> 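To start, I am sharing the structure in question, which I have written as structure tokens.
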Amino acid sequence: MHFLRKIGFYLVALWAAVTLNFFIPRALPGSPVDAVLAKLALRGPVDPSTREAIEVMLGADDDTSLFEEYFAYLAGLFRGDLGISVTYFPTPVSQVVGQSLPWTLVLVGLATTITFVIGMVLGTVAGWKRGTWLDSLIPATTILQAVPYFWLALLFIYVLSVNMGLFPIAGGYDYTLVRPALDYPFLSNAVYYGFLPALTIVLSSLGGWLLGMRNMMVSTLSEDYILTAEAKGLSPRRVMIMYAARNAMLPSVSGFAISLGFVVSGSIVVETVFSYPGVGYTMLQAVQNNDYSLMQGLFLIITVSVLAANLVVDLLYGVIDPRTRARS
């Protein structure tokens with residue numbers, strides 16, 4: 001019954017998010033039909049009947065009420081039809097999302113995982129050896145976390161790309177390549193282009209994980225079971241890893257699971273600065289072009305990912321700590 005209540009709650013939250021996802025973009029000024037016509041006008045005169053055809057295709061017909069568009073939108077979701085993108089007209093939204101999502105999952109997903117692992121390891125050592133040189137480095141990492149993403153990204157571009165020429169200024173890969181492929185030349189090129197964006201994310205996020213783990217270690221070391229383990233004559237390494245770190249990292253693990261849900265949304269600022277072809281950069285293009293369909297498709301993917309991550313964490317807590325089921 002506990003699990004059914006949780007799943008029912010998240011289904012309601014999903015419906016509310018989908019509903020807001022439909023109505024909020026339509027409150028923005030401008031029209032996606034005008035955006036498409038403006039692009040077509042660059043190629044030559046546009047026939048008046050073209051506007052009517054585009055309105056029907058985008059579901060923005062003046063004869064159709066807002067609620068009729070809403071129910072048509074829900075029906076399209078059940079069919080897997082997310083509409084046509086204005087920004088990348090006439091490409092379907094599902095294809096645009098499918099092209100940008102892997103870039104964000106690889107870049108932000110790997111960067112988040114690397115940051116979490118480094119933060120847990122350094123936080124464990126810093127909490128175990130309080131007052132050492134490693135412990136004194138924590139304020140420097142928190143200062144980096146306070147630095148805006150875009151400033152740090154621009155600094156890396158200026159120093160490492162413009163002045164030293166070590167890394168490319170922008171892009172996700174060398175566009176002289178024929179097409180993306182899962183082979184060594186392309187993958188190595190993608191890693192080369194993605195190094196600076198990943199470095200920006202890691203340095204900007206490391207301080208929070210490190211400080212949180214360090215403080216939890218300090219708190220855990222004062223528990224009675226740590227004293228008991230030391231009194232048994234266990235090695236300091238085993239006490240640190242199996243007793244202290246294992247319990248201290250539980251809150252961080254739940255936070256890491258939730259942060260993975262936000263990986264799909266990408267890092268809009270970092271992807272924009274580096275013109276990285278991920279979800280964040282695509283979302284910015286959709287907003288600038290009043291691309292309702294693309295915005296709705298991206299927001300839907302982000303919403304489902306965040307809700308799924310929260311649901312998994314919620315259910316895991318119910319399994320790990322039965323007291324949470326009793327209180328709910």
Side-chain angles (χ1 to χ4, degrees), residues 3-40 46-101 104-105 261-266 268 278-312 314-315:
F3 296 127
L4 291 178
R5 285 200 302 267
K6 291 292 184 183
I7 294 175
F9 169 79
Y10 280 100
L11 287 177
V12 173
L14 177 61
W15 169 78
V18 168
T19 302
L20 292 174
N21 188 22
F22 174 82
F23 285 103
I24 289 179
R26 283 161 174 75
L28 296 174
S31 169
V33 177
D34 294 334
V36 175
L37 291 176
K39 286 187 176 183
L40 294 178
V46 179
D47 190 86
S49 60
T50 305
R51 182 180 184 89
E52 298 179 3
I54 294 175
E55 287 177 347
V56 174
M57 182 186 65
L58 297 178
D61 192 355
D62 293 335
D63 297 331
T64 305
S65 67
L66 189 61
F67 285 98
E68 288 175 339
E69 292 182 21
Y70 171 68
F71 287 112
Y73 169 68
L74 293 180
L77 290 183
F78 284 107
R79 297 194 306 268
D81 182 13
L82 300 178
I84 302 296
S85 171
V86 172
T87 307
Y88 303 94
F89 183 82
T91 308
V93 169
S94 57
Q95 183 176 339
V96 176
V97 174
Q99 292 172 350
S100 60
L101 186 58
T104 292
L105 290 179
F262 288 95
V263 163
V264 177
S265 63
I268 297 179
V279 172
Y281 181 75
T282 305
M283 186 185 301
L284 179 64
Q285 300 299 312
V287 173
Q288 291 176 340
N289 290 279
N290 293 324
D291 193 343
Y292 294 164
S293 298
L294 184 54
M295 281 190 284
Q296 288 171 171
L298 293 172
F299 290 153
L300 177 65
I301 298 299
I302 295 171
T303 300
V304 171
S305 302
V306 174
L307 288 177
N310 280 272
L311 175 61
V312 170
D314 227 351
L315 295 180

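Given the structure is predicted, the values throughout are model-derived calculations rather than measurements.
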> Counting N and O atoms only, with roles assigned by atom type, does the side chain of Thr104 sit under 3.5 Å from a partner on the main chain of Val279, one being a donor and the other an acceptor?
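Yes.
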
> Looking at Gly297 and Val93, what are the two nearest heavy atoms and their distance?
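Closest pair (atom of Gly297, atom of Val93, distance): CA-CG1, 4.1 Å.
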
> First locate atom CG of Leu14, then atom CZ of Phe9, and finally report the distance between them rounded to the nearest 0.5 Å.
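It comes to 11.5 Å.
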
> Between CG of Leu74 and CZ of Arg79, what distance do you get to the nearest 0.5 Å?
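One finds 11.0 Å between CG of Leu74 and CZ of Arg79.
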
> For a quick test of reading the model, state the closest non-hydrogen atom pair linking Leu77 to Val18 and the distance between them.
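Leu77 and Val18 have their closest heavy atoms at CD1-CG1, 3.7 Å.
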
> Nearest 0.5 angstrom please: Ile301 CD1 to Ser94 OG, how far?
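So the gap between those two atoms works out to 9.5 Å.
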
> Closest heavy-atom contact between Thr303 and Ala17?
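So the minimum-distance heavy-atom pair works out to CG2-CB, 3.2 Å.
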
> Give the minimum heavy-atom separation between Ile302 and Met283, together with the two atoms involved.
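Smallest heavy-atom distance, with atoms named: CD1-CE, 3.2 Å.
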
